[in-house]
Amino acid sequence: MAIVTYSARTALIQYLLSCPIHLGIGTGSSNWGSTPDPPDYEATTLINEKGRKKLTRYFFVNEDDNGDISMPGGRKYKQSAVPTRELYCHFVFDYGEGVADAIREVGIFINTKIKDGLPKSQTFFTPDQIKDIGTLVMLEHLETADTFTPTKKGGYETILTI
């Protein structure tokens with residue numbers, strides 16, 4: 001049986017960091033009701049995308065029961081001084097960014113291309129400002145919806161593990 005080694009997985013994470021990384025947010029399917037469908041391994045887009053946020057902060061981590069970074073499900077992580085196969089990703093939304101009824105679907109995309117003529121300082125993009133959606137590398141359907149409003153900042157953090 002062939003495997004992908006941990007060093008290869010670390011190299012893949014490092015490659016991802018050489019690409020533009022964005023978090024796509026969407027409302028998901030209106031058919032979901034109170035429980036969303038499981039994410040589809042064949043998905044290449046979000047169901048009802050509302051926008052994309054450029055990666056705000058990242059660092060390598062290792063799972064560690066005594067770590068100071070807590071994630072859903074009780075998992076804990078600790079920052080690593082050397083590259084690992086696990087990457088902490090944090091996306092911070094400013095006031096008015098990502099305004100939607102209820103965010104129930106998120107995805108990390110690499111190689112999103114933004115249309116020309118937008119300000120270089122802009123970090124949130126609506127679907128009409130995107131030239132090429134790039135590649136969806138992580139997809140999550142949220143059990144508890146999040147709501148962004150013009151008067152609320154928001155954030156999303158995850159551990160991307162390869």
So, do K131 and D116 sit near enough that their side-chain heavy atoms are less than 4.5 Å apart?
-> yes

Side-chain contact test, heavy atoms from C-beta onward, threshold under 4.5 Å: evaluate it for F93 versus I25 and give yes or no.
-> yes

Working for side chain to side chain contact (heavy atoms under 4.5 Å, CB included), residues L160 and Y58 = CA-CA 10 Å; L160 183 60; Y58 66 88; over 6 Å; no

Do I162 and L16 have side-chain heavy atoms sitting under 4.5 Å apart?
-> yes

Any donor-acceptor pair under 3.5 Å from E105 side chain to I47 backbone = yes

Should L136 and I21 be counted in the same cluster of Ile, Leu, Val, Met, Phe, Trp and Tyr side chains packed under 4.5 Å apart?
-> no

Sorted by first residue and then second, give each salt bridge (Lys or Arg N to Asp or Glu O under 4.0 Å) pair with at least one member in residues 37-49; sequence neighbours left out.
-> E49-R52

Do P20 and N111 touch side chain to side chain, with heavy atoms closer than 4.5 Å?
-> yes

Ignoring hydrogens and angles, tell me if any N or O in the side chain of T27 forms a donor-acceptor pair with the backbone of I103 under 3.5 Å.
-> no

Could you walk me through whether L87 and F60 pass the side chain to side chain contact (heavy atoms under 4.5 Å, CB included) test, one step at a time?
-> CA-CA 5 Å; L87 186 70; F60 295 100; 4.1 Å; yes

Under the 3.5 angstrom rule, does the side chain of T56 hit a backbone N or O of V92 as a donor-acceptor pair?
-> yes

Between S80 (side chain) and V82 (backbone), is there a donor-acceptor pair under 3.5 Å?
-> yes

Is a side-chain N or O of T123 found less than 3.5 angstrom from the main chain of K54, in a donor-acceptor match?
-> no

Mind checking whether T158 and L23 have side chains closer than 4.5 Å, heavy atoms only?
-> no

Residue pairs meeting salt bridge (Lys or Arg N to Asp or Glu O under 4.0 Å), one or both in residues 70-89, sequence neighbours left out, come to E63-R75

Can Y156 and I108 be said to form a side chain to side chain contact (heavy atoms under 4.5 Å, CB included), step by step?
-> CA-CA 11 Å; Y156 179 80; I108 293 179; 5.5 Å; no

Side chain proximity check, L55 to C89, heavy atoms < 4.5 angstrom | yes

Do you know which of L139, L46, I130, T135 makes side chain to side chain contact (heavy atoms under 4.5 Å, CB included) with F109?
-> L46

Go through the structure and list residues passing ring pair (Phe, Tyr, Trp, His ring centres under 6.0 Å) with F59, not counting sequence neighbours.
-> Y88

